[in-house]
Undergrad: 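Okay, handing you the structure first.
In what follows, chains are A, B, ... by sequence order, proteins preceding strands, each numbered from 1.
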Number of protein chains: 2
Amino acid sequence: MRPKLTLKQIARELDVSISTVSKALRDSPEIGEETRKKIKAFAKLYNYRPNNIALSLKNRKTKTIGIIIPEIVHYFFTTVISGVEQVANEKGYNVIVCLSNNSFDKEVLNLELLANGSTDGFILSIAKETMQKEDYHHLIEVINQGMPVVLFDRVVDEIHCDKVIIDDVIGAKKAVQYLIDNGAKKIGLVSTVDYVSVGKLRTRGYLEVLRNNNVEVQENLILKIEDMDNSETEIKEFIDKNDVDAVFAVNEHFAIHAIKALQEKGLKVPEDVSVIGFTDGELSKRFIPSLTTVSQHGERMGAEAARLLIDKLERKPEEEESYKTVIVETSLVERNSTKS
Amino acid sequence: MRPKLTLKQIARELDVSISTVSKALRDSPEIGEETRKKIKAFAKLYNYRPNNIALSLKNRKTKTIGIIIPEIVHYFFTTVISGVEQVANEKGYNVIVCLSNNSFDKEVLNLELLANGSTDGFILSIAKETMQKEDYHHLIEVINQGMPVVLFDRVVDEIHCDKVIIDDVIGAKKAVQYLIDNGAKKIGLVSTVDYVSVGKLRTRGYLEVLRNNNVEVQENLILKIEDMDNSETEIKEFIDKNDVDAVFAVNEHFAIHAIKALQEKGLKVPEDVSVIGFTDGELSKRFIPSLTTVSQHGERMGAEAARLLIDKLERKPEEEESYKTVIVETSLVERNSTKS
DNA sequence: TTTCAACACTCAAACGTTTTCGCAAAATAG
DNA sequence: CTATTTTGCGAAAACGTTTGAGTGTTGAAA
């Protein structure tokens, strides 16, 4: 076992000072040709690499960005991480991932831990519990200490920082417009109750498009799921008793249950009824039929967040402080659950 | 903006020495009651937290473990991360995640980067390209430097370290035995070509169980998919021309295509034909019908890997070096694609 | 011969901690 | 009232690095 080489050891070995070694390796003109070559050769031979921790301490930056998400076994979040990672890597940054498990306490803990020198900034999606408590002091604290934070997906107005979000209303409008353009008249909506912000916004998009196209809004064609655990039965009943020629569901899960219910009713998807979902996850791609869906482009969101953060980190101190909110456009991915 | 507080600032503010502050905060008996209280109150008021980087440098350990995986948008790997994270957190460790994207070069880069002081040890699943090249010098190098490494899932004999794997053969046996126990006689196998180790091992399990139960092996009931892109058609043809009463597929994807082909042939799953998959991902849980499947327990694997690593990290230096390989048992998760 | 610049290097401080050692002053013992 | 112990605190080194300032030698210009 050969422990890591340090400048000090090289210096002792070659009988020069530590600073000489450091300067030689960084090609300082202060060091003579011969000495420099000798040192470089030695360093190469024994595979010297500077210690990151020491560098971080010296430079007061770690070249590491922390990302705190509510859960990791979750398609959307992994695509975001993937996007962050790509951009971070390009710019020479590392990514350290922490999970809040949707718990307020764990979010606070992780944030405090990483804020003590481990990272230069944060990319974060707020935990469910934190949103319920509406307690953001930990985030505000960290921002006040001068640490840049970028919020994505779940964001709140109370926190002043850069943000990356999608436009749920426009996403929903794209989907419903697509259905109308392809001849649908009786479009069912399977949504969540209104206090889930995503459900509310997507419902708004649905309503707007119907009005814009002079399609009458039929209240009975709108289903708002209360109890997620019982969504399957609710959707089945909804489909059974209503006559629709298209369905817009606010997530993948609702979409596939709608498809199943339609099939059991003797209808074919997409021949008789078209179905569109929201969130382009594994399930949308691989369900049979595969789902036409509104994609949230998690990877782009991650990349955008990383760019915002790194811009802040590398900004000259004299530049004006300003916070941006980037809206990443959704797009409709056409697959086999809609006819066109 | 209030920058982070340091010992030095507290010392200056309270007109004592840095060491006094440090000792007071760590409840050293050297410091008098009064001074200690004063310092602690001040630190609390201004929310002092020691700088992790400085601590890492001093202690020569970072309390951080690196995990390098081939991809993150992948159900299995996320469950592993989740398991690692839980155990790591319990023991006061952070997790830094890097992606190799299945590229040899990126794996080497990440490893070298993190090995220079950023982490105390690694948990790693080898990149596809690395396995093809059979070049593991970067891993061996890191291990030689005294950094503990735990390999999981994709492991190789050439590397001497702790390992966490599942037993594919036993997993497959459980599945096929279950089918036989429930009356199946003509069990189709949808596998990959033999040079994919997973396909080979799971096929072996299938064959062993048939022999053990004196069921004749019919070569025509075994499908080995060459071309993943064309798997759908291959499976459809296979199902169409063969008469089976059960199917064992070596992954989720094959399983759902088998189900679809069966349904299109006019057969019902699970009433007429039972289907079992491998890998308990999103799709298995949420496909309709949901899939009975062999679960690999990624979370357990991650937890196990983290435990092995942390044991190594906290082992006294005088203790004997030894490498373990932990086999995490698979288990059969019964859902709606099999009758029982 | 003196002066000075160029060269090639070393010293020392700094980043923020912890910890060993040393040293006064106060408290106790003799 | 002196001798010794205890108490309370500070100085300094260490972790590994970078970097501005300082130093000694050489060779050339004045």
Undergrad: Under 3.5 Å, which protein N or O atoms sit close to an N or O of nucleotides 18-20 of chain D? Give each pair with its distance.
TA:
{"residue": "D:dT18", "atom": "OP1", "partner": "A:Arg26", "partner atom": "NE", "Å": "3.2"}
{"residue": "D:dT18", "atom": "OP2", "partner": "A:Ser22", "partner atom": "OG", "Å": "2.8"}
{"residue": "D:dT18", "atom": "O2", "partner": "A:Lys58", "partner atom": "NZ", "Å": "3.3"}
{"residue": "D:dT19", "atom": "OP2", "partner": "A:Arg26", "partner atom": "NH1", "Å": "3.3"}
{"residue": "D:dG20", "atom": "O6", "partner": "A:Lys23", "partner atom": "NZ", "Å": "2.6"}

Undergrad: Can you name the residues that form a ring pair (Phe, Tyr, Trp, His ring centres under 6.0 Å) with B:His297, not counting sequence neighbours?
TA: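 Per chain and number, B:His297 pairs via ring pair (Phe, Tyr, Trp, His ring centres under 6.0 Å) with no residue.
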Undergrad: Which nucleotide of DNA chain C is the first, and which the last, in the 5' to 3' direction, to come under 4.0 Å of a heavy atom belonging to chain B?
TA: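 On DNA chain C, the outermost contacted nucleotides are C:dC15 to C:dC21.
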Undergrad: Give the residues of residues 31-41 of chain B touching DNA chain D, defined as any heavy atom closer than 4.0 Å, sorted by residue number.
TA: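 By residue number: B:Ile31, B:Gly32, B:Thr35.
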Undergrad: Can you tell me which residue pairs pass the ring pair (Phe, Tyr, Trp, His ring centres under 6.0 Å) test with a partner in residues 55-103 of chain B, sequence neighbours excluded?
TA: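 For residues 55-103 of chain B: B:His74-B:Phe77.
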Undergrad: For A:Phe104, which residues count as a ring pair (Phe, Tyr, Trp, His ring centres under 6.0 Å) partner, sequence neighbours excluded?
TA: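 For A:Phe104, the residues satisfying ring pair (Phe, Tyr, Trp, His ring centres under 6.0 Å) (neighbours in sequence not counted) are A:His138.
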Undergrad: For B:Tyr46, give me all partners under ring pair (Phe, Tyr, Trp, His ring centres under 6.0 Å), at least two apart in sequence or on another chain.
TA: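 In terms of ring pair (Phe, Tyr, Trp, His ring centres under 6.0 Å), with neighbours along the sequence ignored, B:Tyr46 is linked to B:Phe42.
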Undergrad: Hey, what bend do you get for the helix from C:dT1-D:dA30 to C:dG30-D:dC1 if you fit axes on five pairs at each end, rounded to 10°?
TA: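 One end's axis against the other's: 80°.
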Undergrad: Using the side chain to side chain contact (heavy atoms under 4.5 Å, CB included) criterion, which residues pair with B:Val155? Sequence neighbours excluded.
TA: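 Side chain to side chain contact (heavy atoms under 4.5 Å, CB included) check on B:Val155 returns B:Leu151, B:Lys163, B:Ile165.
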Undergrad: Would you please name every residue forming a side chain to side chain contact (heavy atoms under 4.5 Å, CB included) with A:Ser56, sequence neighbours left out?
TA: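 Side chain to side chain contact (heavy atoms under 4.5 Å, CB included) check on A:Ser56 returns A:Thr62, B:Ile53.
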Undergrad: Sequence neighbours left out, what passes salt bridge (Lys or Arg N to Asp or Glu O under 4.0 Å) with B:Glu34? Give chain and number order.
TA: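 Not a single residue meets the salt bridge (Lys or Arg N to Asp or Glu O under 4.0 Å) criterion with B:Glu34.
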Undergrad: The criterion is side chain to side chain contact (heavy atoms under 4.5 Å, CB included); which residues satisfy it with B:Lys106, sequence neighbours excluded?
TA: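 Side chain to side chain contact (heavy atoms under 4.5 Å, CB included) check on B:Lys106 returns A:Glu85, A:Asn89, B:Leu99, B:Asn101, B:Ser103, B:Asn110.
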